[in-house]
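Report on the following structure.
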Amino acid sequence: MNTEQKQVIQGCAQAALSGELTFPEIIGRLAQISVERYHADYSRQENTYYLADGDSLVVATPHPTHATAVEFSPSAVEVAVRQSQRNEHTYLDFICKTMAAGCVGYFVLITGRRVIYFGRNGDSHVEHFPPTPSNATAT
């Protein structure tokens, strides 16, 4: 991983926490530097970013401590995702809401255009990226 890739990744992680960039903007920047996926680990408060060649970078993502519910609620995760899509809360709020829904982390699969949220017992919820004007189909 080169210096530019590391700087972009670290910048995206900080911009998510501060609210300077939206999820689509972050995904666009990461895709441009060949990041194919990343794992957000709420317990360790860090994200691990992966390139296609297997190289990776771990970035601290400190957030407020919040209890993680034992039961995983896919519907509560979906509500938090929709609120994010409508810019109704911050990323830190999103983390708290999804932890309250029993989420312990998620994988963003940039090349697969989806996010997999998961709970402590292996429960999961998949969200596909919303279509963009360039890949939307006419109805």
### Task
Go through the structure and list residues passing side chain to side chain donor-acceptor pair (under 3.5 Å) with Asp41, not counting sequence neighbours.
none
### Message
When you compare the side chain of Tyr50 with that of Asp55, does any pair of heavy atoms fall below 4.5 Å?
### Response
no
#### Entry: Val115 side chain reached by Phe23 side chain, heavy atoms, under 4.5 Å
yes
### Task
Spell out, yes or no, whether Leu21 and Leu57 are grouped together once hydrophobic residues are joined by side-chain heavy atoms under 4.5 Å, including indirect joins.
yes
### Query
Going only through I, L, V, M, F, W and Y residues with side-chain contacts under 4.5 Å, is there a path from Val59 to Ile27?
yes
### Query
Should Leu51 and Leu109 be regarded as members of a common hydrophobic cluster, given that ILVMFWY residues are connected when their side-chain heavy atoms come within less than 4.5 Å of each other, either directly or indirectly?
no
### Message
Run the side chain to side chain contact (heavy atoms under 4.5 Å, CB included) test on Leu17 and Leu92 for me, step by step, so that the C-alpha distance in whole Å, both residues' side-chain angles and the decisive distance to 0.1 Å come before the verdict.
### Response
CA-CA 6 Å; Leu17 293 169; Leu92 295 175; 3.7 Å; yes
### Message
Given 3.5 Å as the limit, does a donor-acceptor pair link the side chain of Arg113 with the main chain of Thr111, or not?
### Response
no
#### Entry: Step-by-step side chain to side chain contact (heavy atoms under 4.5 Å, CB included) determination, Glu78 to His125
CA-CA 8 Å; Glu78 184 175 356; His125 174 71; 3.9 Å; yes
### Query
Which atom names give the shortest non-hydrogen contact between Asp93 and Thr90, and what distance separates them?
N-OG1, 3.0 Å
### Task
Would you give the length of the straight line joining atom NZ of Lys6 to atom CE of Met1, rounded to the nearest 0.5 angstrom?
7.5 Å
### Query
Out of curiosity, Asn121 CG to Glu71 CD, how far, rounded to the nearest 0.5 Å?
7.5 Å
### Query
If two hydrophobic side chains count as joined below 4.5 Å and joins carry through other members, does Val8 share a cluster with Ile26?
yes
### Task
Of all the heavy-atom pairs spanning Pro62 and Gln45, show the shortest one and how long it is.
CA-OE1, 3.2 Å
### Query
For Glu88, does the CD atom have more than 12 heavy-atom neighbours from other residues, nucleotides or ligands under 6.0 Å away?
yes
### Query
What distance separates Glu4 CD from Ile9 CD1, expressed to the nearest 0.5 Å?
10.5 Å
#### Entry: Thr61 side chain vs Glu46 backbone, donor-acceptor pair below 3.5 Å
yes
### Query
Taking atom types as modelled, is there a side-chain donor on Glu25 or Thr22 under 3.5 Å from an acceptor on the other?
yes
### Query
How many angstroms lie between atom SG of Cys12 and atom CG of Leu30, to the nearest 0.5 angstrom?
4.5 Å
Just list the side-chain donor-acceptor pairs under 3.5 Å for residues 96-108, sequence neighbours left out, or say none.
residue: Lys97; atom: NZ; partner: Gln83; partner atom: OE1; Å: 3.1
residue: Lys97; atom: NZ; partner: His89; partner atom: ND1; Å: 3.0
residue: Thr98; atom: OG1; partner: Tyr42; partner atom: OH; Å: 2.7
residue: Thr98; atom: OG1; partner: Phe94; partner atom: O; Å: 2.9
residue: Thr98; atom: OG1; partner: Ile95; partner atom: O; Å: 3.1
residue: Tyr106; atom: OH; partner: Tyr91; partner atom: OH; Å: 2.6

#### Entry: Pairwise distance CD(Gln7) to OG1(Thr3) - rounded to 0.5 angstrom
6.5 Å
### Query
Sub-3.5 Å donor-acceptor pair from the side chain of Arg120 to the main-chain atoms of Thr68, do we have one?
yes
### Task
Could you tell me whether Arg82 and Glu127 have a side-chain N and a carboxylate O separated by less than 4.0 Å?
yes
Tabulate below the donor-acceptor pairs under 3.5 Å that side-chain atoms of residues 33-40 make, not counting sequence neighbours, or state none.
none

## Note on the structure
CG (Asn47) and CD (Gln10) are apart, to the nearest 0.5 Å, by 12.0 Å
